Peer 1: 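Can you keep this structure in mind? I'll have questions shortly.
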Amino acid sequence: MSELIRIEFPDGKSKEYPRGIRPQDILKELGRSLAEKTFAAKFNDKVVDLDRPLQSDGNIRFLTWDDAEGKEVYWHSTSHIMAHAIKELYPEAQFGVGPPIEDGFYYDIDVNTPITAEEVAKIEAKMKAVIAADQPFRREEMSKEEAIQLFQQRADKYKLELLNDLADNRPSVYHEGAFVDLCRGPHLPSTGRVKNIKLLSVASAYWRGSEKNKMLQRIYGISFPKKEMLDEYLKRLEEAKKRDHRRLGQELELFLITPKVGGGLPMWLPKGTILRETLEKFMREEQRKRGYLPVVTPHIGNLNLYKTSGHYEHYKDSGFSTIKVEDEEYMLKPMNCPHHFQIYLAKPHSYRDLPIRLAEFGTVYRYEQSGELTGLTRVRGFTQDDAHMFVRQDQLKDELCDVIDLIQVVFRTLGFSDFTTRLSFRDPQNKNKYGGNDAQWEQAERDIKEAADACALKYFIGIGEAAFYGPKIDFMIRDVLGRTWQLGTVQVDYVMPERFNLEYTGNDNQKHRPVVIHRAPFGSLERFIAILIEHFAGAFPTWLAPVQAAILPITDAQLDYANKVKELLAAQEIRCVLDERNEKIGHKIREAELQKIPYMLVVGAKEAENTAVAVRKRRAGDLGSMPLEAVVQKIVEDIQSKSLE
RNA sequence: GCCACCAUAGCUCAGUAGGUAGAGCACCUCACUUGUAAUGAGGGGGUCGCGGGUUCGAUUCCUGCUGGUGGCUCCA
């Protein structure tokens, strides 16, 4: 065996080193600045500690903050530091898991002391002490038996459970000072490499995610190499709080949720209703252009309908209790499809009729656990912009492409340019969760993939994310704060047509089964609007704004003229308000700004004389006096073009 | 549903080491006639989430419930 190994670098260059050289030795050659920002190394596609001896030829890359994997190592080590601090503060504490996550890390702990804000402050202080001590992270591999013995000594029952299930026969533990943790690693060279920490929240989580297990306390935190990064992150959290749709929904009088009516049952206030109806109108218009037929169906239906569809079986835990009417049982509808199928079935169809597209803003009701309800994003009654397409097999792909196009048009119009697509397939390991047979599923998944390819969609595949009756294309929006949300959805269904015995007569005069596409671009109006509120921080583009223009007279001497301005705007269907109050202009402007009204039209003596208005654009400030006609035209243009300004 | 935390005026919040509460904004009245993010003065408004307990006395301490928040499980 040669005593030299060849290490290749990302730039393609390579160099020979003695066998057993450690990444940190190589780093020393490469200079201090890189060494200082490197957290770990990637050797032959495996992330390793910087002091791990390299035993074979291979390529190496050094991981820094700029690599997702570098961040993971950094946060993972921080989570160990937190566990270390907790162990020192509460020696009886036992530990679950403590991984890095998208933004930071958490650790699940079992400790008798409730972790209050005070305790969090103590833990943070202790963490800083651990960091200041700059103890090295030391990896130790051992046999499974040794590891079991070690954690038995420490009476760490969760770690023992993990060890027992571990496939790896040589588990690793990491030491930092007196603290030991079962861990795959890798870690930073030492605790001192972690710089700016912040514990963010305390929550709880079932051990191993199962409701049957004990609840552990989970502490979330984050850390950054630079103080400015932490400050900026905290600022972003503050910003997110200000954008929270629940807060804006109240401040801007958009919707109301009150226990007097019931949790998860939102009511739309006048301004929110304008927003909602404007979106509905937009969708109706797009659907009309694409040949959809509007229908309306009731909010409840005979239980048998849902037994036929299979919804009852799959939704009985998430549906409201049934309603007894005479001798029949009824159910609040959890989905609109069975109703739409009845409409399809009401008359025979020829292959010439297809595709038939039935669309409805259908309100559905689902029982959600009380702890799940949040604002408009998780509710018990919500309205889907639902439609069902009954298509022939040969029309399926085109129809799917048309739907994908519609969703893209809708998202782009609303300023969601950053979205990804997930093809949600069934989990082959778990076939009994789904209806239908293998052939149907394979066909449906193939159709979806072909359509996605034909439309040049960028997508990833999510195994086990399908609906019970078919695979889906789910549209995930990334909002301005970088969070992703699942909104629009398209589903191909071979199961329901069979269950409901849907048919059409083909040109061969034989009966055929149509394929059904379920789709909802917004998904749920409630959730969509919640995201929309946060996306725009309540400052909606003019076409969506509940109030599009505020007319602000300087003194009541201009009231007559101001009323004329109002009439003129109203005649163009511009939603406007006239602030007649006896207040200073600065005050009126402040309130209009706080209400995030896009256009403020200030009218004083000069404007009244010249049939003009002084335009102030939301956030942009004073644009000066302009002829009234021109301003009206500009606002109308904004509305008609659905300008995002 | 589970765990932790929280609940004071319409909103945002202060306060009472146990002696039935206060500010700002909002609302009403009056004065001011105002030029690009808060004019001034006065006034009304609270069973301190709901029930029980401890106490001479509870908004404050204990306890049960309800609702909210952060998560977990589940989902559009």
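Below, read A as the first sequence line, B as the second, and so on, with proteins coming before strands; counting in each chain starts at 1. What you see is a predicted model, and the numbers here were worked out from it, not measured in a lab.
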Peer 1: Report which part of the nucleic acid Thr374(A) touches: base, sugar-phosphate, or nothing (heavy-atom distance under 4.0 Å, all strands).
Peer 2: sugar-phosphate

Peer 1: Atom pairs under 3.5 Å, N or O on each side, protein against nucleotides 6-14 of chain B: can you list them with distances?
Peer 2:
| unit_1 | atom_1 | unit_2 | atom_2 | d |
| --- | --- | --- | --- | --- |
| rC11(B) | O3' | Gln250(A) | NE2 | 3.1 |

Peer 1: Using the side-chain heavy atoms of Glu368(A), tell me which of these nucleotides is nearest: rG71(B), rA76(B), rG70(B).
Peer 2: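 That would be rA76(B).
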
Peer 1: By nearest atom, which of the nucleotides rU69(B), rG71(B), rC75(B) is closest to the Arg246(A) side chain?
Peer 2: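 From the listed options, rU69(B) comes nearest.
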
Peer 1: It should be established whether Ser370(A) places a side-chain nitrogen or oxygen under 4.0 Å from OP1 or OP2 of nucleotide rG1(B).
Peer 2: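 Answer is yes, contact under 4.0 Å.
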
Peer 1: Ignoring hydrogens and angles, are the base of rC75(B) and the side chain of Arg527(A) linked by a donor-acceptor pair under 3.5 Å?
Peer 2: yes

Peer 1: Send over the distance from Leu199(A) CG to rG70(B) P, rounded to a whole Å.
Peer 2: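 Spelled out: CG on Leu199(A) to P on rG70(B) is 19 Å.
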
Peer 1: Take atom C1' in rG57(B) and the same atom in rU20(B), then report the distance between them in whole Å.
Peer 2: 10 Å

Peer 1: Of the options rC75(B), rC2(B), rG35(B), whose atoms approach the side-chain atoms of Tyr206(A) most closely?
Peer 2: rC2(B)

Peer 1: Return the value, rounded to whole Å, for the distance between atom NZ of Lys214(A) and atom P of rC3(B).
Peer 2: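 Those two atoms, NZ and P, are 12 Å apart.
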
Peer 1: Between atom CD1 in Ile109(A) and atom C1' in rG71(B), what is the gap in whole Å?
Peer 2: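 For the pair Ile109(A) CD1 and rG71(B) C1', the rounded distance is 14 Å.
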
Peer 1: In dot-bracket form, 5' to 3', how is RNA chain B paired? Count Watson-Crick and G-U wobble pairs only if both distances fall under 3.5 Å, and write | where the partner sits on another strand.
Peer 2: (((((((..((((.....[..)))).(((((.......))))).....(((((..]....))))))))))))....

Peer 1: How long is the span from the CZ atom in Arg519(A) to the CE atom in Met389(A), to the nearest 0.5 Å?
Peer 2: 5.5 Å

Peer 1: Have a look at Ser201(A) and say if it touches a base, only the backbone sugar-phosphate, or nothing, with a 4.0 Å heavy-atom cut-off.
Peer 2: sugar-phosphate

Peer 1: Give one of base, sugar-phosphate or nothing for Leu552(A), where a contact means two heavy atoms less than 4.0 Å apart.
Peer 2: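 Counting heavy atoms under 4.0 Å across all strands, no contact is made by Leu552(A).
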
Peer 1: Can you tell me, in whole Å, how much space there is between the C1' of rU54(B) and that of rC62(B)?
Peer 2: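 7 Å, rounded to whole Å.
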
Peer 1: What's Gln384(A) touching, base or sugar-phosphate or nothing? Going by heavy atoms closer than 4.0 Å.
Peer 2: nothing

Peer 1: Under 4.0 Å, heavy atoms only, any strand: does Ala203(A) hit a base, just the sugar-phosphate, or nothing?
Peer 2: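 Answer is base: heavy atoms of Ala203(A) come under 4.0 Å of a base.
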
Peer 1: To the nearest Å, how far apart are Arg208(A) CZ and rG71(B) P?
Peer 2: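 For the pair Arg208(A) CZ and rG71(B) P, the rounded distance is 24 Å.
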
Peer 1: Compute the ring centroids of Phe528(A) and Phe416(A), then answer whether they are less than 6.0 Å apart.
Peer 2: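 Here the rings of Phe416(A) and Phe528(A) have centres that are less than 6.0 Å from each other.
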
Peer 1: Output yes if the stacking criterion (under 5.5 Å between centres, under 30° between planes) is met for Tyr220(A) over the base of rG71(B), else no.
Peer 2: no

Peer 1: Give the B/S/- string for nucleotides 36-42 of chain B, one per nucleotide from 5' to 3', where a protein heavy atom under 4.0 Å of the base yields B, of only the sugar-phosphate yields S, and otherwise -.
Peer 2: BBBB---

Peer 1: Among the nucleotides rG71(B), rC74(B), rG67(B), which one has an atom lying closest to any side-chain atom of Arg378(A)?
Peer 2: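 When the side chain of Arg378(A) is considered, rC74(B) is the closest of rG71(B), rC74(B), rG67(B).
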
Peer 1: What does Gly371(A) touch in the nucleic acid at a heavy-atom separation under 4.0 angstrom: a base, only the sugar-phosphate, or nothing?
Peer 2: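 Touches a base.
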
Peer 1: For Met476(A) and rA76(B), give me the distance from atom CE to atom C1', rounded to whole Å.
Peer 2: 12 Å

